[in-house]
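Numbers here are sequence positions counted from 1.
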Amino acid sequence: MKINNDINKDKSAADFFKDEKIITGWNLGDTLDSHEKGVSKETAWGNPKANQVLFNGVKEAGFDLVRIPVTWMGHFASKPDYIIEEKFLKRIEEVIGFAHNAGLKVIINMHHDGITSKDEKVEGWHSVTKACKSSQDCEKITHQFAQLWKQIAEYFKDYGNWLMFESMNEIHDGNWGYNSKEELEIDDVLKPQIEILNMWNQVFTDTVRSTEGNNKYRYLVLPGYCTVPQHTAAPYFILPKDSTQGKQIVSFHYYDPYEFGIEGSQHIWGSKKDKKQVDEDFSPFKKRFIDNSVPVIIGESGAVKQFYPDDSAKEDKAHQCRLDYIKHVYSKAREYGLVPVYWDNGATAASEDDEKFGLINRKTGKPNSSESEAVIKAMMNN
């Protein structure tokens, strides 16, 4: 496997995204991030192992960037060093290589290590709730977080600009960014969690920069609390101090409104109010980050396929609204300078017990249906 190790020490993340024409991304969801019984397992959630044909198809579909979520739990030893299994690192390296061979830029992260069950009712080691309970727990978790990132960074230290690191995923206390009053505004419950997340982003940055090779100049992706747009655009989300300037990228996720984007309980979208909300959610990122030469990705985004087997008219309407949603959200993202990254978890069938985000057949690399092909075209043609 031939890997391009070139890195431009002086090129900013903003210039890299512009020069490399990074416009649209895709997630290898529910694969290297899947797990069962507290152990990361690539095929645990029903997808086949990632392969070269898949990534060739992702590139052929028009995507420029692939985010490869990785769950590390179950593949490292105990304290104090938390040594990661070499076999697991080699598999991550192999999958990264597939993406690179296809001509894609790559992001890897630390994804579901805050949980130990798919329904997210059980906490894992990387728990902000545990970290808030005592300074001792916080110190232990932070040390483990740093030890793992030190090893990941050192393993990939010679990789070029095309490989980016993302510190965390959707870190939260189980309330998905809402406080005890069911509001997004910061309160006494969220404030210490947000402070810990800011601290972890700083630890991540310092750890990666302290390793050898190209990591001094690597582009680093930094999420806000629970990757909620309102929390990420807010002034209490503080970018880490970085010894290398111009290498930071901000990330938030977008499936709003939840009832349409993920839950599928609402099949109509597209009112003036709906479209205005997208503007209100995206515009703060341009003023705070884009206009200050900090790229922003929507690290996960999309809307589920909805099924109404007893009502074909309703199902057709849901399909059209999904296309309208994707086209509008992705168009607005680009208008504000944001890079949308679609969440593809491989799920397509009504019988599957997961949100139906699947667009690309994992074995052939082709769109899995004419509807999926239309969704991809809606992303690209706006």
Side-chain angles (χ1 to χ4, degrees), residues 1-8 13 16-17 20 22 24-35 40-43 47-61 63-76 84-113 148-169 204 207-208 211-215 217-221 247 249 251 297 299-300 339 341-346 360 362-363 365:
M1 185 182 300
K2 187 177 180 180
I3 296 295
N4 177 11
N5 292 331
D6 293 341
I7 196 158
N8 190 320
F16 180 73
F17 271 63
E20 296 294 325
I22 301 174
T24 314
W26 181 86
N27 273 276
L28 180 69
D30 285 13
T31 306
L32 290 169
D33 58 310
S34 63
H35 53 87
S40 173
K41 183 180 178 182
E42 189 171 351
T43 58
N47 284 314
K49 287 191 173 185
N51 57 74
Q52 187 64 64
V53 172
L54 168 61
F55 287 102
N56 291 346
V58 171
K59 179 64 176 179
E60 184 179 346
F63 295 99
D64 315 296
L65 166 74
V66 61
R67 180 173 177 260
I68 301 177
V70 181
T71 298
W72 301 84
M73 61 185 179
H75 293 285
F76 53 83
I84 302 172
E85 294 173 1
E86 186 173 1
K87 181 179 179 180
F88 190 68
L89 280 166
K90 285 185 177 296
R91 175 56 181 164
I92 304 304
E93 182 177 32
E94 183 178 33
V95 176
I96 288 171
F98 293 152
H100 176 67
N101 289 344
L104 294 156
K105 306 300 183 288
V106 180
I107 296 171
I108 60 171
N109 73 351
M110 193 170 288
H111 204 77
H112 286 306
D113 287 87
L148 291 174
W149 266 117
K150 180 181 179 181
Q151 294 174 75
I152 298 165
E154 287 179 343
Y155 192 87
F156 295 107
K157 65 184 180 181
D158 294 325
Y159 280 59
N161 286 114
W162 59 270
L163 178 61
M164 294 163 261
F165 298 156
E166 179 184 29
S167 60
M168 300 167 274
N169 187 47
F204 161 75
T207 299
V208 173
T211 57
E212 299 177 355
N214 291 333
N215 288 328
Y217 310 100
R218 192 166 308 286
Y219 302 125
L220 303 181
V221 182
K247 304 291 186 176
I249 301 162
S251 177
I297 67 169
E300 294 180 16
V339 176
V341 186
Y342 182 84
W343 177 256
D344 189 326
N345 63 357
I360 297 179
R362 297 298 179 92
K363 295 181 179 180

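Residues Asn161 and Tyr219 have side chains in contact (heavy-atom distance under 4.5 Å, counting atoms from C-beta outward). At least one side-chain heavy atom of Phe16 sits under 4.5 Å from a side-chain heavy atom of Lys105. Looking at Asn214 and Leu163, their side chains never come closer than 4.5 Å, going by heavy atoms from C-beta outward. Contact annotation: the side chain of Tyr155 approaches that of Lys90 to within less than 4.5 Å [non-hydrogen atoms, C-beta and beyond]. Proximity of Phe98 to Val106: side-chain heavy atoms (C-beta onward) are nowhere separated by under 4.5 Å.
Atom CH2 of Trp72 sits about 9.0 Å away from atom CG of Leu32, to the nearest 0.5 Å. The CG atom of Asn101 lies 12.5 Å from the NZ atom of Lys59; values are rounded to the nearest 0.5 Å. The NE2 atom of His112 sits 6.5 Å away from atom CG of Asp30, with the distance rounded to the nearest 0.5 Å. The CG atom of Leu54 sits 12.5 Å away from the NZ atom of Lys363 when rounded to the nearest 0.5 Å. Distance check: Glu212 CD to Glu154 CD gives 7.0 Å after rounding to the nearest 0.5 Å. For the atom pair NZ of Lys157 and OG1 of Thr211, the computed distance is 8.0 Å after rounding to the nearest 0.5 Å.
Nearest heavy-atom pair, Val341 versus Ile297, reported as atom, atom and distance to 0.1 Å: CG2-CB, 4.4 Å. Of all the heavy atoms in Met164 and Phe17, the pair that sits closest is SD-CE1, 4.1 Å. What you find for Phe156 and Ile92 is that their closest heavy atoms are CZ-CG2, 4.1 Å. Closest non-hydrogen pair, Ala99 versus Val66, comes out as CB-CG1, 3.6 Å. The minimum heavy-atom distance between Leu28 and Ala50, with the atom names listed, is CD2-CB, 4.0 Å. Looking at every heavy atom in both residues, Val221 comes nearest to Phe204 through O-CE2, 4.1 Å.
Using modelled atom types, no side-chain atom of Thr43 and backbone atom of Pro48 make a donor-acceptor pair closer than 3.5 Å. At least one donor-acceptor pair under 3.5 Å links the side chain of Asn27 to the backbone N or O of Gly299. At least one donor-acceptor pair closer than 3.5 Å links the side chain of Ser40 to the backbone N or O of Thr71. A distance-only check finds a donor-acceptor pair linking the side chain of Asn47 to the backbone of Asn345 [under 3.5 Å]. One N or O on the side chain of Asp113 and one on the backbone of Met73 form a donor-acceptor pair closer than 3.5 Å.
Side-chain contact of Arg67 with Ser251: a donor-acceptor pair under 3.5 Å is absent, judged by distance alone.
In this structure, Trp343 and His111 have parallel ring planes: the angle between them is below the 30° cut-off, well short of the 60° mark. Aromatic ring pairs are classed by plane angle as parallel below 30°, tilted from 30° to 60° and perpendicular above 60°; the pair Phe63 and Trp26 is tilted. Ring pair Phe165/Trp149 is tilted by interplanar angle, where 30° to 60° counts as tilted.
With salt bridges taken as basic N to acidic carboxylate O contacts below 4.0 Å, one links Arg91 and Glu94. Looking at Asp344 and Arg362, a side-chain N of the basic residue comes within less than 4.0 Å of a carboxylate O on the acidic one, giving a salt bridge.
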> Going through the checks in order, is the side-chain contact (heavy atoms from CB on, under 4.5 Å) test met by Asn215 and Arg218?
Replying inline: CA-CA 5 Å; Asn215 288 328; Arg218 192 166 308 286; 2.7 Å; yes
> Can Glu20 and Leu65 be said to form a side-chain contact (heavy atoms from CB on, under 4.5 Å), step by step?
Replying inline: CA-CA 10 Å; Glu20 296 294 325; Leu65 166 74; over 6 Å; no
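Remark: Asn56 pairs with Gln52 by the side-chain hydrogen bond (donor to acceptor under 3.5 Å, both in side chains) rule, at least two apart or across chains.
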